[in-house]
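Residue numbers count from 1 along this sequence. Computed from heavy atoms alone, side chains included, the values below leave out hydrogens, waters and symmetry copies.
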Amino acid sequence: MKKSLIALALVGAFAAPAIAEEAAGPHSFSANVALVSDYVFRGISQTQNRPAIQGGFDYSHSSGLYLGTWGSNVSWVQDTGMKTNNSLELDVYGGYKGAVGPVSYDVGVLQYYYPGDVVAGVKNTNSTEVYVGVGFSIFTLKYSHAVSSNLFGWYNAAKTEKTRGSGYWDLSAAYDLGDGWGVSAHVGHQTIKNLSAASYTDWKLGVTKDLGVGVLGLSYTDTNAKASCSAADPYCWNGKDVGKGRAILSFSKSF
């Protein structure tokens with residue numbers, strides 16, 4: 001599930017397109033790699049509280065157009081019985097960034113792909129979202145909207161309603177303290193259409209330190225999607241509460 005490596009460098013919990021290095025001409029290329037103690041996306045653990053290695057490649061044009069891909073190991077797809085032979089998430093995205101005065105904007109589309117074999121009787125976890133974001137000063141507001149039939153395989157209990165139209169609001173702030181230190185904060189809200197029990201709010205606080213050889217991050221993330229791990233809990237996956245609060249340590253490097 002796509003995140004921005006800018007956010008990873010600032011928060012130390014997620015990943016997303018890295019800031020491209022200076023390049024002669026209109027074309028820029030960059031790469032990023034990260035180690036995280038737990039891959040958390042929108043407040044939910046994707047690795048069942050286990051570490052992940054992540055990385056991606058990005059291309060940007062001076063016009064504002066960009067393309068990229070990003071990947072991470074995951075365990076939730078297979079552990080929840082959605083697919084067999086899966087341990088990978090691969091994201092492909094593209095869009096356009098620009099600015100009007102002090103306000104920046106970003107619009108694009110993102111495909112989440114989970115290789116493997118779909119289990120009979122369940123929905124495909126592969127998903128597509130379109131997004132739009134605006135930024136001002138240290139603040140960024142972004143909205144992502146699901147256009148695939150089912151977002152991450154969610155469906156209503158009767159399996160008769162699609163979850164197309166689900167959305168995620170993300171309000172984030174990042175502040176440079178100087179001397180390589182940064183702090184950030186985030187609050188988000190995920191709505192799952194036709195399945196209100198799976199909707200929730202998440203939040204996060206983080207601090208980072210640029211060590212020169214990479215960025216070390218520590219963050220704390222939590223949600224109100226607590227699970228008692230009964231059969232009715234949408235965020236009890238393979239017997240684990242994947243929406244509980246947790247501290248996350250990360251190390252990231254962009255090239």
Classify the side-chain pair [X]/[Y] by whether it contains a donor and acceptor separated by less than 3.5 Å.
{"X": "S127", "Y": "N150", "result": "no"}
{"X": "E129", "Y": "Y112", "result": "yes"}
{"X": "K83", "Y": "N126", "result": "yes"}
{"X": "Y168", "Y": "D202", "result": "yes"}

Original post:
Does K97 make a cation-pi contact with Y66 (under 6.0 Å, within 45 degrees of the axis)?
Top reply: yes

Subject >> Full working for salt bridge (Lys or Arg N to Asp or Glu O under 4.0 Å) between D176 and K209 >> reply: CA-CA 10 Å; D176 184 356; K209 171 62 176 177; over 6 Å; no

Could you tell me the separation between the [atom1] atom of [X] and the [atom2] atom of [Y], rounded to the nearest 0.5 Å?
{"X": "Q190", "Y": "W169", "atom1": "CD", "atom2": "CH2", "answer": "12.5 Å"}
{"X": "T69", "Y": "Y113", "atom1": "OG1", "atom2": "OH", "answer": "12.0 Å"}
{"X": "L65", "Y": "S60", "atom1": "CG", "atom2": "OG", "answer": "9.5 Å"}
{"X": "F152", "Y": "T163", "atom1": "CZ", "atom2": "OG1", "answer": "9.5 Å"}
{"X": "Q78", "Y": "Q48", "atom1": "CD", "atom2": "CD", "answer": "11.0 Å"}

Subject >> Option among V107, D170, V109, D106 that satisfies the side-chain contact (heavy atoms from CB on, under 4.5 Å) test with Y131 >> reply: D106

**OP:** For the pair D222 and K244, find out whether any cationic side-chain nitrogen is under 4.0 Å from an anionic carboxylate oxygen.
**Re:** no

**OP:** Indicate, with yes or no, if the rings of H27 and F29 have centres closer together than 6.0 Å.
**Re:** no

